[in-house]
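What follows is one structure encoded as structure tokens, with my remarks underneath.
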Amino acid sequence: MGAPRGARLCLLLLLAGVTLWLLLCGRGRATQPAPKASLLQQRTLRLVPGGMSQVAGSHGLSRESSINRGKLSKYSGPGKAKPTKDQPSSCPHSLTLKVKADPRFGKLFRFHIPVLMWGWHFTPETWDRLKERSVPYGWQGLSYTAIASTLHLLNDSSNSWLFNKAWFPDGCVRCAVVGNGGILNGSRQGKAIDAHDFVFRLNGAVIKGFEDDVGTKTSFYGFTVNTMKNSLIAYRQYGFTQIPQSKDLRYILIPSDMRDYVMLKSAILGSPVQDGYDKGDEPRTYFGPEASAKKFKLLHPDFIHYLTARFLRSEILNTEFGYLYMPSTGALMLLTALHTCDQVSAYGFITDNYREFSDHYYEREKKPLVFYANHDMLLEAELWKSLHRAGIMKLYQR
């Protein structure tokens, strides 16, 4: 005789629970070395953090675009897109040399891929190609007129590069990318961070009161409109009431949705946002009254696609949450630096012993790191550790 109906029901419920757990937390990768046990014990993924202005990581995507994300194609190059003007490095210790000598990363890095998109890139061929990919990898479902009118404003050559390497004819460009991880609390790394030529910060980059640990210099601030607004809400209690502003600072905008293009256009024109989710917003309240086209750098969708396909192709893409997934803001900023700077140091990024520290360095009470379905923090941790071991970058650890 078969098992009693009640027992069979319990068994089915148990199997369903195990299956769901495996979908969310399964980490098996045949092609990558297994991480340490501390990294394997991932908590259950949560969908969205509370108190946010919009579903974090959703980017306004439909279920149809989630199919495209689940079938993220192997990156083969930007097609007919015009590349950014090459700025060869004269640095004798550039990370590009170590990349080329490494058997694994030498096959992954493609330094000819344009990092930034500007007006010169907007061609009929580029539109036809990118309209087939969902954001942030393309422009599927977005307005041609809106995209064109925004990109045509990025018409200065400075929009095509983060910095001019001609400023450093006899030396190496040293960059620090500062995440917001709790590992920085009490680190006393402020002077070391500020000693770099350029300092990247992102999202809720609280500085006041933590200068000894995180420094004071900010050269680039990276964000999506969603992460910027969410940070201003979530971290206001810790003193993050304004994103960084200064004459020499530049903003790196990650185009994760139509609202990013709309906000960028309004910021350059100095006018209120005319339509969409942020209608009525005054960009000057975020970027200052003198924000011009030269202040903004826009990550190229091809670059985001290339980074995701080659470096951070997460198993989340194959789950029901695939439509939420994209690399974190910190990951995109760090990989941007690794494709533009000669020497890169990463501070405040996830390490093996992340459980010993609070989620963010500015939290008064220790809070555990929470894993959300829109990012794969453990996959990112494995990548940073591997790049550090290969000598391609320096990862601050303690």
Side-chain angles (χ1 to χ4, degrees), residues 47-48 54-83 113-154 223-227 252-266 273-279 298-329 331-332 335 373-376:
L47 287 183
V48 292
Q54 188 186 22
V55 176
S58 71
H59 321 297
L61 295 178
S62 65
R63 287 296 298 180
E64 181 180 359
S65 59
S66 75
I67 297 174
N68 293 328
R69 285 174 175 267
K71 296 181 179 179
L72 185 70
S73 60
K74 182 178 180 181
Y75 192 81
S76 58
K80 296 182 179 180
K82 297 181 179 180
I113 303 298
V115 173
L116 302 177
M117 170 162 274
W118 63 306
W120 195 53
H121 284 147
F122 192 70
T123 65
E125 294 82 7
T126 302
W127 169 259
D128 288 340
R129 180 168 50 82
L130 293 184
K131 72 179 182 181
E132 301 301 320
R133 293 197 214 132
S134 58
V135 288
Y137 313 115
W139 298 324
Q140 187 181 76
L142 305 187
S143 164
Y144 174 92
T145 302
I147 296 295
S149 62
T150 299
L151 293 182
H152 286 160
L153 295 173
L154 299 175
F223 65 103
T224 70
V225 173
N226 194 47
T227 63
I252 303 177
L253 183 55
I254 302 166
S256 67
D257 198 359
M258 189 66 240
R259 68 190 299 204
D260 297 295
Y261 293 97
V262 172
M263 178 67 77
L264 176 58
K265 177 181 177 180
S266 296
V273 176
Q274 297 298 311
D275 51 39
Y277 191 87
D278 305 294
K279 184 177 181 179
L298 181 69
L299 286 193
H300 200 303
D302 272 333
F303 183 63
I304 302 174
H305 181 266
Y306 148 74
L307 296 181
T308 307
R310 283 182 168 261
F311 294 91
L312 292 170
R313 188 186 183 99
S314 173
E315 292 173 0
I316 295 175
L317 285 163
N318 300 321
T319 73
E320 61 183 302
F321 304 120
Y323 72 106
L324 292 171
Y325 176 75
M326 69 178 288
S328 70
T329 305
L332 291 173
L335 286 164
N374 55 321
H375 303 311
D376 192 337

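Given the structure is predicted, the values throughout are model-derived calculations rather than measurements. Along the sequence shown, residues carry numbers from 1.
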Would you indicate whether the side-chain heavy atoms of [Y] and [X] approach each other to under 4.5 Å?
{"X": "T308", "Y": "Y325", "answer": "yes"}
{"X": "L298", "Y": "L116", "answer": "no"}
{"X": "L154", "Y": "M117", "answer": "no"}
{"X": "I147", "Y": "M258", "answer": "yes"}
{"X": "I254", "Y": "T329", "answer": "yes"}

To the nearest 0.5 Å, how far apart are [atom1] in [X] and [atom2] in [Y]?
{"X": "L335", "Y": "L307", "atom1": "CG", "atom2": "CG", "answer": "5.0 Å"}
{"X": "H152", "Y": "W120", "atom1": "NE2", "atom2": "CH2", "answer": "14.0 Å"}
{"X": "L312", "Y": "I304", "atom1": "CG", "atom2": "CD1", "answer": "12.0 Å"}
{"X": "L153", "Y": "L151", "atom1": "CG", "atom2": "CG", "answer": "8.5 Å"}
{"X": "D260", "Y": "N226", "atom1": "CG", "atom2": "CG", "answer": "8.0 Å"}
{"X": "Y306", "Y": "H300", "atom1": "OH", "atom2": "NE2", "answer": "13.5 Å"}

Kindly say whether [Y] contributes a backbone atom to a donor-acceptor pair with the side chain of [X] at under 3.5 angstrom?
{"X": "T150", "Y": "A146", "value": "yes"}
{"X": "S266", "Y": "M263", "value": "no"}
{"X": "S149", "Y": "T145", "value": "yes"}
{"X": "H375", "Y": "M326", "value": "yes"}

Closest approach of [X] to [Y] (non-hydrogen atoms, all atoms of both residues):
{"X": "P136", "Y": "S256", "value": "CB-CA, 3.9 Å"}
{"X": "A373", "Y": "I316", "value": "O-CG2, 3.5 Å"}
{"X": "A331", "Y": "P327", "value": "CB-CB, 4.3 Å"}
{"X": "L264", "Y": "L253", "value": "CB-CD2, 3.7 Å"}
{"X": "E132", "Y": "D128", "value": "CG-O, 3.6 Å"}

Angle between ring planes, [X] versus [Y], binned at 30° and 60°: parallel, tilted or perpendicular?
{"X": "H305", "Y": "Y137", "value": "perpendicular"}
{"X": "Y261", "Y": "W139", "value": "perpendicular"}
{"X": "H121", "Y": "W118", "value": "perpendicular"}

Residues L299, V115; criterion side chain to side chain contact (heavy atoms under 4.5 Å, CB included); working and verdict = CA-CA 6 Å; L299 286 193; V115 173; 4.1 Å; yes

Salt-bridge present (R133, D302; N to O < 4.0 Å) = yes

Check whether more than 12 heavy atoms from other residues, nucleotides or ligands sit under 6.0 Å from atom NZ of K279, and answer yes or no.
->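 Counting neighbours around NZ of K279, 12 or fewer heavy atoms of other residues, nucleotides or ligands fall under 6.0 Å, so no.
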
